[in-house]
Amino acid sequence: MPHCTDVGHRMEDGHCVATIHAEANAIIQAARNGVMIEGATNYVTASPCWNCFKQLANAGVTRIVYGEFYRDDRIFEIARQIGIELVHVPLPGVALPKLPPQGPS
């Protein structure tokens with residue numbers, strides 16, 4: 001499919017519904033290409049939303065490296081409980097929102 005930026009967004013409630021999140025796309029592309037991701041590290045610019053976090057966990061990803069916090073602090077507690085390592089690597093020049101108290105230091 002062409003990129004939404006090129007052909008127009010399908011907006012609902014302020015979000016484009018023609019797209020999927022990068023985490024889901026990575027899982028789908030790995031499956032499509034026969035790439036095993038059990039024990040893999042996922043690199044993303046923003047911490048995963050709740051649904052993407054659950055997908056990564058169920059796909060066997062054991063480490064998530066992210067550049068900025070993105071709205072859902074539930075991932076920190078659950079990651080601790082199930083052994084997923086969350087690594088915050090700040091993006092240069094990006095003012096980050098305050099991480100939740102249970103977030104990584």
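The figures here come from the full heavy-atom set of this structure, side chains too, leaving out hydrogens, waters and symmetry mates.
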Please say whether more than 12 non-hydrogen atoms of neighbouring residues, nucleotides or ligands are located less than 6.0 Å from CD in E12.
no
Heavy-atom closest contact (A24 atom, C52 atom, distance)
N-SG, 4.4 Å
F76 vs F53, test: side chain to side chain contact (heavy atoms under 4.5 Å, CB included). Steps then yes/no.
CA-CA 10 Å; F76 297 109; F53 175 78; over 6 Å; no
Given V65 and T41, is the side chain to side chain contact (heavy atoms under 4.5 Å, CB included) satisfied, shown in steps?
CA-CA 7 Å; V65 179; T41 297; 3.8 Å; yes
Using modelled atom types only, decide if a donor and an acceptor are shared between the side chain of N25 and the backbone of H21 within a distance under 3.5 Å.
no
By salt bridge (Lys or Arg N to Asp or Glu O under 4.0 Å) - contacts of R63 (at least two apart)
E85
Distance (rounded to the nearest 0.5 Å) between I37 CD1 and I27 CD1:
5.0 Å
Cluster question for you: counting only ILVMFWY and a side-chain heavy-atom cut-off of under 4.5 Å, with indirect links fine, are I20 and V17 together?
no
Please assess Y66 against L86 for the test side chain to side chain contact (heavy atoms under 4.5 Å, CB included), listing each intermediate value before the final yes or no.
CA-CA 8 Å; Y66 66 95; L86 295 174; 4.2 Å; yes
Could you walk me through whether W50 and I75 satisfy the side chain to side chain contact (heavy atoms under 4.5 Å, CB included) test, starting with their C-alpha distance in whole Å, then the side-chain angles of each, then the deciding distance to 0.1 Å, before giving a yes or no?
CA-CA 7 Å; W50 182 237; I75 66 171; 4.1 Å; yes
Is the number of heavy atoms from other residues, nucleotides or ligands under 6.0 Å of D6 CG greater than 12?
yes
With a 4.5 Å cut-off on side-chain heavy-atom distances among I, L, V, M, F, W and Y, is there a chain of contacts connecting I78 to V61?
yes
Donor-acceptor under 3.5 Å (H9 side chain, M11 main chain):
no
Looking only at atom types and distance, does a side-chain atom of D72 sit under 3.5 Å from a main-chain N or O of R74, one as donor and one as acceptor?
yes
To the nearest 0.5 Å, what is the distance between NZ (K54) and CD1 (I82)?
11.5 Å
Less than 4.5 Å apart, side chain to side chain, heavy atoms only: is that true for Y70 and C49?
yes
Note: N42 and E23 closest approach over all heavy atoms is OD1-CG, 3.9 Å
Can you check whether I84's main-chain N or O pairs, donor with acceptor, with T62's side chain at less than 3.5 Å?
no
